[in-house]
Amino acid sequence: MNVSTVAREVRGELAPALPTCIYFEVTNRCNLPCRTCLRTFHTVEPAADLSLAEIRRVADQVPSLRRAVLQGIGEPLLNRELPEIVADLAGRGVSVVFNTNGTLLSPEWADRLIDGGLDELRVSLDAAHPETFEAIRGADLLPQIVERVRQFIARRRERGSSKPRVALWLIGLRANVAELPELVDIAADVGAEEVYLHRVTFREGDDAFGVASRGESAFVAYDSEEEHALVEARTRAAAKGIAFRGSGAMDPVACYGERTSSDRPWSACQRPWTLLYVTANGNLLPCCIAPFVDPNYREITLGNVRETSIADLWNGAGYRTFRRRFLSPDPVNCCRGCGTNWSL
């Protein structure tokens with residue numbers, strides 16, 4: 001049975017099948033001090049990389065694996081084994097994707113990732129203007145990164161490959177959402193296939209950090225100015241043949257403009273029954289959103305793949321408690337805001 005098709009009403013604290021998607025945090029090291037990122041302000045785990053051997057060991061235990069996302073809190077291109085990891089997973093018939101800040105996207109990396117069978121490369125820009133990029137991502141590097149993306153796509157074309165698909169990403173802040181139409185123009189200019197608008201995840205209270213805040217969220221504070229930018233970006237994308245998507249792969253205008261009336265908006269999420277997130281230190285978290293939102297790291301740590309088998313973890317005490325709370329009116333913090341403040 002495919003877990004993703006299991007009806008919500010029959011979901012319980014036990015998962016009927018192993019996950020189909022795994023987030024492998026191939027490194028938690030990074031070379032940019034982004035002001036939307038948790039690691040710029042907090043140390044969650046010791047610096048580490050996941051090795052090819054570790055990822056093989058996990059993948060060997062999950063024959064149901066269909067999708068691997070090679071990212072977490074960190075820049076994936078800092079892991080020198082990344083091309084071999086991509087090739088190993090792709091060789092299993094797994095769809096492989098990751099987000100990068102693009103700073104290290106050299107011709108050598110391009111060849112190795114293309115040859116390895118990467119399905120999608122997502123480049124997080126968060127801006128169309130250099131000054132906005134520097135304010136959000138902490139370095140004056142936007143023109144250089146855009147040029148690296150252009151060269152990557154040209155290299156892909158020269159090698160006669162249609163993969164990986166290239167997407168430019170923007171976390172929707174009030175400081176940058178007006179630049180979306182120009183980001184679409186950049187995508188068309190370099191040859192990228194997609195622009196993706198993602199809702200910012202944020203903490204509230206004393207543990208909030210950077211510009212990842214309720215007040216900066218273009219989704220929470222959505223108004224006519226944001227709507228105009230989204231509509232214009234969608235219009236330009238359609239004219240230029242660029243796919244324009246929002247959180248959950250929805251239409252961005254609908255995604256940002258609609259509000260749920262559900263008293264349990266998080267309940268549409270299927271991740272507790274379909275997805276694993278493995279950190280660079282081998283810990284299991286509910287999803288990629290969890291560490292950005294929930295300061296109670298112990299509560300969202302559901303086991304460790306270096307100590308216990310996936311089969312024992314997946315329906316072990318940590319996951320069973322997490323799923324039980326998810327199905328109640330009192331989920332953990334990272335779930336409580338999902339579907340209202342940030343993405344499902």
Side-chain angles (χ1 to χ4, degrees), residues 20-27 30-32 49-50 52 55-56 59 65-72 74-126 137 141-142 144-171 183-198 237 240-249 275 277-278 288:
T20 57
C21 177
I22 300 180
Y23 275 62
F24 290 105
E25 186 180 73
V26 292
T27 184
C30 195
N31 58 349
L32 285 184
D49 294 354
L50 281 177
L52 172 61
I55 288 175
R56 280 177 172 162
L65 183 62
R66 297 294 177 267
R67 179 176 174 81
V69 185
L70 306 182
Q71 68 193 53
E75 168 49 46
L77 296 182
L78 287 170
N79 185 324
R80 299 306 301 175
E81 289 190 293
L82 185 64
E84 288 77 20
I85 292 169
V86 169
D88 182 86
L89 292 167
R92 299 169 187 260
V94 175
S95 176
V96 186
V97 57
F98 66 86
N99 278 65
T100 174
N101 61 34
T103 57
L104 303 174
L105 199 60
S106 65
E108 177 191 1
W109 271 113
D111 290 348
R112 297 176 71 193
L113 293 172
I114 293 166
D115 293 345
L118 183 67
D119 286 282
E120 184 177 354
L121 180 73
R122 301 166 169 178
V123 184
S124 298
L125 289 184
D126 291 343
R137 301 191 71 83
L141 293 172
L142 181 62
Q144 296 93 315
I145 295 170
V146 169
E147 186 56 32
R148 285 181 180 270
V149 176
R150 187 195 309 279
Q151 292 172 0
F152 182 95
I153 294 170
R155 194 72 176 171
R156 183 190 67 183
R157 189 180 305 116
E158 291 168 4
R159 299 176 77 80
S161 178
S162 61
K163 297 193 310 182
R165 178 181 176 87
V166 177
L168 304 185
W169 277 48
L170 183 140
I171 293 176
L183 189 63
V184 170
D185 294 342
I186 291 173
D189 182 56
V190 301
E193 288 87 359
E194 179 179 319
V195 169
Y196 195 100
L197 173 63
H198 198 278
K240 297 174 183 289
I242 303 292
F244 181 42
R245 296 188 173 91
S247 296
L275 178 148
Y277 180 114
V278 183
C288 63

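Along the sequence shown, the residues carry numbers beginning at 1. This structure is a prediction, so every number in the text was calculated from the model and none was measured.
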Enumerate, atom names and distances included, each donor-acceptor pair closer than 3.5 Å involving a side-chain atom of residues 80-87, sequence neighbours excluded.
residue, atom, partner, partner atom, Å
Glu81, OE1, Leu52, N, 3.1
Glu84, OE1, Arg112, NH2, 3.4
Glu84, OE2, Arg112, NH2, 2.9

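Tyr196 contributes a side-chain N or O that, together with a main-chain N or O of Gly246, makes up a donor-acceptor pair within less than 3.5 Å. With hydrogens and angles disregarded, a donor-acceptor distance shorter than 3.5 Å links the side chain of Asp126 to the backbone of Ile171. The main-chain N or O of Pro164 is found under 3.5 Å from a side-chain atom of Arg156 such that the two form a donor-acceptor pair. A donor-acceptor contact shorter than 3.5 Å links the side chain of Asp119 to the backbone of Val96. Of the possible polar contacts, one joining the Glu193 side chain to the Val166 backbone as a donor-acceptor pair under 3.5 Å is found. The main-chain N or O of Glu75 is never found under 3.5 Å from a side-chain atom of Asn31 such that the two would form a donor-acceptor pair.
Taking Arg148 as the reference, Leu105, Ser106 meet the side chain to side chain contact (heavy atoms under 4.5 Å, CB included) condition, with sequence neighbours excluded.
Between the CZ atom of Arg155 and the CD1 atom of Ile153 there is a distance of 14.5 Å, given to the nearest 0.5 Å. Note: Ser161 OG to Leu113 CG = 11.0 Å, rounded to the nearest 0.5 Å.
The side-chain heavy atoms of Leu32 and Leu141, taken from C-beta on, include a pair separated by under 4.5 Å. Residues Asn101 and Cys30 form a side-chain contact, since some pair of their non-hydrogen atoms from C-beta on lies under 4.5 Å apart.
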If you apply the rule side-chain contact (heavy atoms from CB on, under 4.5 Å), what do you find for Val190 with Phe152, and how did you get there? CA-CA 9 Å; Val190 301; Phe152 182 95; over 6 Å; no

With side-chain contact (heavy atoms from CB on, under 4.5 Å) as the criterion, how do Leu70 and Leu89 come out once you've worked through the C-alpha distance, each side chain's angles and the decisive distance to 0.1 Å? CA-CA 10 Å; Leu70 306 182; Leu89 292 167; 3.8 Å; yes

Set out, in order, the CA-CA distance, both residues' side-chain angles and the distance that settles side-chain contact (heavy atoms from CB on, under 4.5 Å) for Arg137 and Leu125, then state yes or no. CA-CA 8 Å; Arg137 301 191 71 83; Leu125 289 184; 5.9 Å; no

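In the model, Ser124 has a side-chain atom that pairs as donor or acceptor with a side-chain atom of Asn99 under 3.5 Å.
A salt bridge links Asp115 with Arg159; the closest basic N to acidic carboxylate O contact falls under 4.0 Å.
When all heavy atoms of Ala90 and Gly117 are compared, the pair lying nearest together is CB-O, 3.9 Å.
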